[in-house]
Undergrad: 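I'd like to ask some things about the structure below.
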Protein chains: 2
Amino acid sequence: MTKIESLSLGTATRTAIRNAAEEMYATYGIDGVTTRALAERAKVNMAAINYHFGNKDNLMLVVFRDVARRTVQRRLDYMARIDAQALGEGRPPRIEEVVEAFVDAYVNEDSPRTGILLAHFVLQHRVRPTEWTRQIVREELDDFAVTYMAMMRRAASHLSEAEIHWRYHLMVGAVMMSLSDQSEDGRMAQLSEGLVHPEDRTEFRAQLIAFLVDSFGRGPATHGDIKD
Amino acid sequence: MTKIESLSLGTATRTAIRNAAEEMYATYGIDGVTTRALAERAKVNMAAINYHFGNKDNLMLVVFRDVARRTVQRRLDYMARIDAQALGEGRPPRIEEVVEAFVDAYVNEDSPRTGILLAHFVLQHRVRPTEWTRQIVREELDDFAVTYMAMMRRAASHLSEAEIHWRYHLMVGAVMMSLSDQSEDGRMAQLSEGLVHPEDRTEFRAQLIAFLVDSFGRGPATHGDIKD
DNA sequence: TCATGTTTCAAGCGTATGTTTGAAACAGGT
DNA sequence: ACCTGTTTCAAACATACGCTTGAAACATGA
């Protein structure tokens with residue numbers, strides 16, 4: 001392959017490895033993917049993985065850093081749109097809008113794998129933080145969290161800054177855990193005995209947003225808020 | 001050791017292993033504990049672990065089944081008290097009470113390790129479900145979930161059964177994730193730059209309950225609240 | 001004293017897994 | 001034709017880990 005390709009998109013083998021890695025991480029979990037199985041799935045020799053990515057941890061780093069970047073970028077775009085509109089109407093952003101900005105990156109149709117992948121990453125970081133997970137959190141996620149909380153603060157002005165912190169982190173927890181139980185044979189689907197369909201993305205989105213909007217409270221009764 | 005001891009509490013070695021296992025699971029995560037390290041911490045020979053528990057998975061099963069049982073029992077007791085009181089006053093249970101019944105087992109002072117342990121278990125089951133995690137969920141947790149949702153339904157009568165399912169599962173997610181970030185050097189503590197103190201159990205309890213109560217909504221304006 | 005169950009001890013077994021190696025083939029650009 | 005970077009291939013290496021083994025010591029109750 002030419003130098004240009006190898007610097008921009010990488011060679012065909014390299015992308016084959018990355019794609020297979022994304023698929024397998026989403027399916028089997030991060031720890032559930034061995035070098036050998038990955039090589040087989042990507043129809044690539046094991047040595048190629050180390051040739052391109054050095055080692056396993058670095059492959060995870062590259063894959064999940066990309067997932068994190070895509071997600072954050074998408075959220076920031078959404079937030080910019082909200083901000084522009086709110087500014088135009090001379091009002092603060094609405095809680096519902098801010099919540100949607102957080103959730104949209106997971107539940108939209110174009111990138112169905114992004115949500116489950118980021119959920120796996122966050123859960124992995126919680127269960128077993130390592131250097132590469134810390135690096136992604138530090139370099140890709142922390143800044144966004146601060147920015148996001150600032151906007152939520154404007155939307156939920158009845159909450160103190162400390163409360164915003166608590167609720168943001170609780171929100172992240174709820175969202176990440178729910179993303180890891182989206183399948184038809186997941187826990188919620190089984191317990192509800194068919195009443196609930198986590199795999200229905202429209203319902204998922206609606207229920208998730210309803211929960212989160214409520215969770216930030218409506219503030220004092222003077223608000224005359226819109227809910228539901 | 002006598003037969004009685006080995007059947008009831010187990011021998012000293014057996015309990016030493018269990019205690020060390022609980023400590024280490026809470027500290028290093030479930031996957032982060034090797035047989036060798038555990039034997040060293042318990043000041044016990046490796047062979048003793050297999051002698052008493054058969055294999056590693058079975059040790060995890062025994063330890064976490066006990067954690068699950070303790071937690072569920074505590075919640076059921078709490079719920080019984082609520083129910084008696086509400087019945088005496090001729091009213092349905094309050095959302096706040098029902099939420100407290102769920103949370104209390106984690107944030108009280110007597111068993112500071114229970115919360116983090118159950119959180120580790122649930123996260124482990126999500127990241128990497130195995131036979132022993134499934135067994136605990138099936139035999140110790142599923143029944144409780146149904147019972148609990150039934151009570152929550154009575155408290156939050158403005159929500160449909162499907163909505164109760166969604167919000168219960170989202171609640172579990174939020175609680176479990178928050179429990180895994182309780183330390184002073186956790187993510188929330190760092191991001192807030194000292195504003196928030198996750199290790200303060202009183203604050204933790206208050207913020208968690210406030211979030212959860214709000215998350216189940218206030219329903220129609222029957223609670224002396226605004227319209228909607 | 002004997003029998004039974006418990007525990008230590010150190011060594012080793014089997015296996016899964018991440019990684020490396022070196023030779024060879026391949027492709028594209030100069 | 002030559003160079004360089006890419007990829008395959010099969011084998012092996014190193015290591016960590018769960019688990020086993022067999023003998024010996026220990027404890028306790030019958």
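Numbered from 1 within each chain, the chains take letters A, B, ... in sequence-line order. Below, all heavy atoms of this structure are taken into account, side chains as well, without hydrogens, waters or symmetry copies. Values in this document were obtained by computation on a predicted structure and should not be read as measured data.
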Undergrad: How many Å lie between CZ on B:Phe53 and C1' on D:dC19, as a whole number?
TA: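 Computing the B:Phe53:CZ to D:dC19:C1' distance gives 16 Å.
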Undergrad: Tell me whether the rings of A:Phe121 and A:Trp132 are parallel (<30°), tilted (30 to 60°) or perpendicular (>60°).
TA: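 Answer is tilted, since the angle falls between 30° and 60°.
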Undergrad: Go through the structure and list residues passing side chain to side chain donor-acceptor pair (under 3.5 Å) with B:His52, not counting sequence neighbours.
TA: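 None.
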Undergrad: Under the side chain to side chain contact (heavy atoms under 4.5 Å, CB included) rule, collect the residues that match up with B:Thr34, sequence neighbours excluded.
TA: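 Counting only residues at least two positions away or on another chain, B:Thr34 forms a side chain to side chain contact (heavy atoms under 4.5 Å, CB included) with B:Arg36, B:Ala37.
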Undergrad: Quick one, give me the B/S/- string for nucleotides 12-23 of chain C, reading 5' to 3', where B means a protein heavy atom under 4.0 Å from the base and S means that only happens at the primed atoms, P, OP1 or OP2.
TA: B----BBBBB--
Undergrad: Rounded to whole angstroms, how far apart are CG on B:Leu38 and C1' on D:dG18?
TA: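 These atoms are roughly 12 Å apart.
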Undergrad: With a cut-off of 3.5 Å and sequence neighbours excluded, list every side-chain donor-acceptor pair involving residues 41-51 of chain A.
TA:
unit_1	atom_1	unit_2	atom_2	d
A:Arg41	NE	A:Glu23	OE1	3.2
A:Arg41	NH2	A:Glu23	OE1	3.0
A:Asn45	OD1	A:Ala47	N	2.9

Undergrad: I'd like to check the side chain to side chain donor-acceptor pair (under 3.5 Å) partners of B:Asp83; sequence neighbours left out, ordered by chain and number.
TA: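 Per chain and number, B:Asp83 pairs via side chain to side chain donor-acceptor pair (under 3.5 Å) with B:Arg154.
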Undergrad: Extract all donor-acceptor atom pairs below 3.5 Å that involve side chains of residues 143-151 of chain A and protein atoms in other chains or at least two apart in sequence.
TA:
unit_1	atom_1	unit_2	atom_2	d
A:Thr147	OG1	A:Asp143	O	3.1
A:Tyr148	OH	A:Val98	O	2.7

Undergrad: Please enumerate all residues that pass side chain to side chain contact (heavy atoms under 4.5 Å, CB included) together with A:Glu199, with sequence neighbours excluded.
TA: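 Expected list: A:Glu184, A:His197.
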Undergrad: Show the atom names and distances, to 0.1 Å, of all donor-acceptor pairs under 3.5 Å that link a side chain in residues 203-213 of chain A to residues at least two apart or in another chain.
TA:
unit_1	atom_1	unit_2	atom_2	d
A:Glu203	OE2	B:Trp166	NE1	3.1
A:Arg205	NH1	A:Asp104	OD1	3.4

Undergrad: Send over the distance from B:Ile49 CD1 to C:dC9 C1', rounded to a whole Å.
TA: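 Spelled out: CD1 on B:Ile49 to C1' on C:dC9 is 14 Å.
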Undergrad: Can you check the B:Tyr51 OH to C:dG5 P distance for me, whole Å?
TA: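 Nearest whole value for this atom pair: 8 Å.
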Undergrad: With respect to the phosphate group of D:dT6, does any side-chain polar atom (N or O) of A:Thr13 fall under 4.0 Å of OP1 or OP2?
TA: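 For A:Thr13, the contact criterion (side-chain N or O under 4.0 Å from OP1 or OP2 of D:dT6) is not met.
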Undergrad: Once you round it to whole Å, what is the distance between P of D:dC17 and CD of B:Glu40?
TA: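 In whole Å, D:dC17 P lies 12 Å from B:Glu40 CD.
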Undergrad: Enumerate the residues from residues 127-135 of chain A whose closest heavy atom to DNA chain C is under 4.0 Å, giving them by residue number; use none for an empty result.
TA: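 Within residues 127-135 of chain A, no residue comes under 4.0 Å of DNA chain C.
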